Asks: 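Let me begin by handing over the structure; questions about it come next.
The structure displayed is predicted, hence computed values, not measured ones.
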Amino acid sequence: MIKIKVARDDNGISLISMHGHAEYSQYGKDIVCSAASTIIIGGINAIAQLGYLSFISYDVDAGDVELKINNTKCAELQIILNTLLVQFQSIEESYPKNIQVQEV
């Protein structure tokens, strides 16, 4: 199971971490893992392209990703992060046995 953890501080999302594997297979492909990976890596790429890379730090290791937000006061960055959260929750609604989103 993929476990997504989202932490908040007083200003908004301060951490998004993704660990594990979905172990879902359809047509020989793990579409849940692919979708979750695309969301988080696409989010990091969007943050970089929009000029907010200095506001975050991240680590990607064998499919596990930890995204720490160093500046939670940036409203534009919070919009991106909340969009990621909604996308993860949408996958969770369809595949609750394969992905879990937890706000801590």
Asks: Output side-chain donor-acceptor pairs under 3.5 Å for residues 78-86, partner residues at least two apart or in another chain, one line each.
Replies:
| residue | atom | partner | partner atom | Å |
| --- | --- | --- | --- | --- |
| Gln78 | OE1 | Ile13 | N | 2.7 |
| Gln78 | NE2 | Ile13 | O | 3.0 |
| Gln78 | NE2 | Thr72 | O | 3.4 |
| Asn82 | ND2 | Gln78 | O | 2.8 |
| Thr83 | OG1 | Ile79 | O | 2.8 |

Asks: Minimum heavy-atom separation for His21 to Ala62, with atom names?
Replies: CE1-O, 4.2 Å
Asks: Do you know the tightest heavy-atom contact between Ala36 and Ile99?
Replies: CB-CD1, 4.2 Å
Asks: Are Ile4 and Leu15 connected in the hydrophobic side-chain network, where two residues link if heavy atoms are under 4.5 Å apart?
Replies: no
Asks: Evaluate Ser17 against Val65 for side-chain contact (heavy atoms from CB on, under 4.5 Å), listing each step before the verdict.
Replies: CA-CA 6 Å; Ser17 68; Val65 180; over 6 Å; no
Asks: Can you check whether Lys3 reaches Met18 side chain to side chain, under 4.5 Å on heavy atoms?
Replies: no
Asks: Within the structure provided, determine whether Ile31 and Tyr95 are in side-chain contact (heavy-atom separation under 4.5 Å).
Replies: yes
Asks: Can you pull the salt bridge (Lys or Arg N to Asp or Glu O under 4.0 Å) pairs that have at least one residue in residues 6-19, sequence neighbours excluded?
Replies: Arg8-Glu103
Asks: If you take all heavy atoms of Asp30 and Ala22, which pair is closest and at what distance?
Replies: OD1-CB, 3.5 Å
Asks: From Ile40 CD1 over to Asn45 CG, what is the distance, rounded to the nearest 0.5 angstrom?
Replies: 11.0 Å
Asks: Please tabulate, one pair per line, all N/O donor-acceptor pairs under 3.5 Å involving side-chain atoms of residues 47-58, not counting sequence neighbours.
Replies:
none

Asks: Would you please name every residue forming a salt bridge (charged side-chain N to carboxylate O under 4.0 Å, His left out) with Glu76, sequence neighbours left out?
Replies: none
Asks: With clusters defined by side-chain heavy atoms of hydrophobic residues (ILVMFWY) lying less than 4.5 Å apart, directly or transitively, does Met1 cluster with Ile39?
Replies: no
Asks: Ala35 and Ile91: which non-hydrogen atoms are nearest, and at how many Å?
Replies: CB-CD1, 3.6 Å
Asks: Could you pull out all residues at least two apart from Lys73 that satisfy side chain to side chain contact (heavy atoms under 4.5 Å, CB included)?
Replies: Asn11, Asn71
Asks: Not counting sequence neighbours, which residues clear salt bridge (charged side-chain N to carboxylate O under 4.0 Å, His left out) with Lys68? List them please.
Replies: Glu66
Asks: Are the side chains of Asn98 and Ile2 in contact, using a 4.5 Å heavy-atom criterion?
Replies: no
